Protein chains: 2
Amino acid sequence: MKASDRAYASLRDDIVEWRLAPGTVLGEVEQAERLGVSRTPLREALARLTAEGLATAQRGRGVVVSDVSLAHLGELFELREALECKAASLAAQRGDRARFAALRDRLLAAPALLTDEDPQRSEYYALAAELDSAVDGAIANTYLSQSLEGLRVHLARVRRLAKDDAARLRQAAAEHAAIAGAIAEGNAPLAAAATAVHLNNSLNHIKSVQIHLPRPEDSTGPAVRTVPTHSTRPSAPREASHG
Amino acid sequence: MKASDRAYASLRDDIVEWRLAPGTVLGEVEQAERLGVSRTPLREALARLTAEGLATAQRGRGVVVSDVSLAHLGELFELREALECKAASLAAQRGDRARFAALRDRLLAAPALLTDEDPQRSEYYALAAELDSAVDGAIANTYLSQSLEGLRVHLARVRRLAKDDAARLRQAAAEHAAIAGAIAEGNAPLAAAATAVHLNNSLNHIKSVQIHLPRPEDSTGPAVRTVPTHSTRPSAPREASHG
DNA sequence: TTCGAGGCTTGTGTATACACACCTCTCGGC
DNA sequence: GCCGAGAGGTGTGTATACACAAGCCTCGAA
């Protein structure tokens with residue numbers, strides 16, 4: 001594997017797993033030494049992270065780990081609603097119904113996975129990822145799939161804010177099952193609606209749990225895509241409204 | 001300005017303006033010499049292009065200008081519908097109504113801009129860009145704005161396929177005016193619907209004009225985002241269905 | 001004591017050199 | 001005559017050195 005790939009994967013994991021906190025300055029020399037690569041591949045890794053929105057290039061200070069805040073969370077979920085509702089709708093039109101029916105049944109049985117023996121809930125999250133993957137395959141749209149993929153990186157990072165308890169995960173499993181069921185029935189509007197419901201509940205859950213976040217005022221500006229030379233709006237985002 | 005920025009901007013323009021055709025191999029040494037920069041900043045430029053989806057990294061052959069085909073166009077417009085409908089909806093909820101009312105009126109008067117003295121239709125496209133910009137400002141969502149911005153690069157490239165005539169542009173202006181009007185009224189569902197109508201008409205227009213495209217079979221795989229190591233699906237996309 | 005200017009230090013931006021991998025062409029063997 | 005292996009060449013991947021810009025600390029003057 002290329003050194004730049006290793007550096008990218010390592011930094012990406014460190015950010016998603018919160019080993020690198022938001023606001024951390026990613027000095028080229030420092031990170032290059034830490035990861036055991038030279039500055040050239042590290043710069044490529046930083047460029048990819050910046051393009052993905054996990055890091056932000058700041059004038060003079062170099063690249064810093066991008067901020068995550070409740071304010072940005074509303075924005076993130078608005079984009080998520082746009083993409084995932086569309087994806088669910090397309091999957092309902094094009095997907096393999098049997099596959100989604102099977103996923104629905106497994107999701108309905110998911111509460112059994114939430115045992116004390118799996119504190120990481122890895123089995124549950126694997127099942128949710130399987131649904132994501134099935135939707136990806138069903139929509140047959142590279143642009144949309146890759147946008148979703150880019151979004152999921154941010155969502156994995158945000159998951160640490162959610163502090164999902166067993167009750168919430170049971171509810172989420174039911175919501176996922178509803179989505180899978182709607183897709184299995186080929187009911188596109190229902191699939192989109194079920195997705196909207198699920199996202200709304202997810203966001204409300206995170207908001208109810210996480211009232212305060214570190215550094216809500218220092219907005220380094222989130223980014224979900226490469227932005228050539230683009231304005232980073234410092235204003236406060238409004239309340240997200242789903243409907 | 002940094003050399004990498006210059007290289008990026010230059011290559012980006014060359015691709016969007018079709019001076020670099022799809023499938024063109026962007027050799028590092030060759031392009032570095034052509035643009036008068038060293039390989040290091042050029043590699044950064046190529047990485048940004050690849051992240052944006054204008055170029056695709058191919059194993060062994062380096063980076064090539066990504067392909068554009070009618071098949072991919074349907075996928076692109078599906079993503080566009082997801083993002084722009086959401087954006088229009090949010091703008092209707094949050095936008096400055098007077099601003100959009102003014103835009104609506106100017107768009108209704110836009111057919112007067114389509115004179116023979118402006119074969120590039122630059123005034124018209126500037127007005128359309130102004131609507132985009134107003135929506136961007138109104139939605140107050142950095143994630144969504146940047147996703148839209150990334151999309152517009154591809155749309156500018158595709159515009160060359162559209163061969164918009166005056167009749168189509170007059171119709172498009174009316175559709176844009178409908179969108180602006182719905183936003184001005186604060187009617188979110190109507191704004192989304194008007195956007196869906198406009199996109200559907202745009203896509204159908206392009207399809208009706210461009211039946212055949214160069215190299216529809218050699219699918220180098222489009223990408224609208226950075227993709228770490230991601231599957232490029234070779235299958236043919238289905239018909240886009242809007243509504 | 002405070003403000004400003006200048007030098008130092010740190011870090012990014014760029015160029016270039018080197019290593020390695022893959023592709024290709026050719027030659028030899030079957 | 002065809003297939004395979006090896007050598008050469010092209011091009012990417014990586015490391016490193018150098019230049020420059022920005023920030024900071026310090027020293028001097030008001």
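In what follows, chains carry the letters A, B, and so on, assigned in the order in which the sequence lines appear, proteins first and then strands, with residues in each chain numbered from 1. Just so we're clear, the structure is a prediction, and the values are computed from it rather than from any experiment.
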**Prompt:** For A:Val65, which of A:Leu54, A:Thr24, A:Asp14 qualifies under side-chain contact (heavy atoms from CB on, under 4.5 Å)?
**Reply:** A:Thr24
**Asked** To the nearest angstrom, how far is B:Leu35 atom CG from C:dT14 atom P?
**Response** 13 Å
**Request:** List the steps, then state whether side chain to side chain donor-acceptor pair (under 3.5 Å) holds for A:Arg94 with A:Ser89.
**Result:** CA-CA 9 Å; A:Arg94 303 172 181 170; A:Ser89 173; over 6 Å; no
**Prompt:** Taking the inter-plane angle between the rings of B:Tyr143 and A:His72 on a 0 to 90° scale, is it parallel (under 30°), tilted (30 to 60°) or perpendicular (over 60°)?
**Reply:** perpendicular
**Request:** Determine: side-chain N/O of A:Thr40 to OP1/OP2 of D:dT16, distance under 4.0 Å, yes or no.
**Result:** no
**Request:** Please tell me which of A:Arg39 and A:Met1 maps to the more 5' nucleotide of DNA chain D, matching each residue to the nucleotide holding its nearest heavy atom.
**Result:** A:Met1
**Asked** Rounded to the Å, how far apart are A:Glu44 CD and D:dT14 C1'?
**Response** 10 Å
**Asked** Under 4.0 Å: is that the gap between some side-chain N or O of B:Arg43 and OP1 or OP2 of D:dG13?
**Response** yes
**Item:** Distance test, side-chain N/O of B:Ser38 to OP1/OP2 of C:dT14, below 4.0 Å
**Value:** no
**Request:** Grab the CD-C1' distance between B:Glu33 and D:dG11 for me, whole Å please.
**Result:** 13 Å
**Asked** End-to-end bend of the helix from C:dT1-D:dA30 to C:dC30-D:dG1 (five-pair axes, 10° rounding)?
**Response** 10°
**Message:** Could you tell me if the side chain of A:Ser38 sits less than 4.5 Å from the side chain of A:Arg43, heavy atoms only?
**Reply:** no
**Complete:** Whole-Å distance, B:Gln58 CD to D:dG13 P, equals 13 Å
**Asked** Is a donor on one side and an acceptor on the other found under 3.5 Å between the side chain of A:His154 and the backbone of A:Glu52?
**Response** yes
**Prompt:** What integer distance in Å separates A:Lys2:NZ from C:dC20:P?
**Reply:** 17 Å
**Request:** For the pair A:Ser10 (side chain) and A:Ala7 (backbone), establish whether a donor and an acceptor sit closer than 3.5 Å, ignoring hydrogens and angles.
**Result:** no
**Item:** d(CG, A:Leu42; P, D:dG13) in whole Å
**Value:** 16 Å
**Asked** Donor-acceptor pair, A:Glu75 side chain versus B:Thr142 backbone, under 3.5 Å?
**Response** yes
**Request:** Could you tell me the separation between the CD atom of B:Glu28 and the P atom of C:dT14, rounded to a whole number of Å?
**Result:** 15 Å
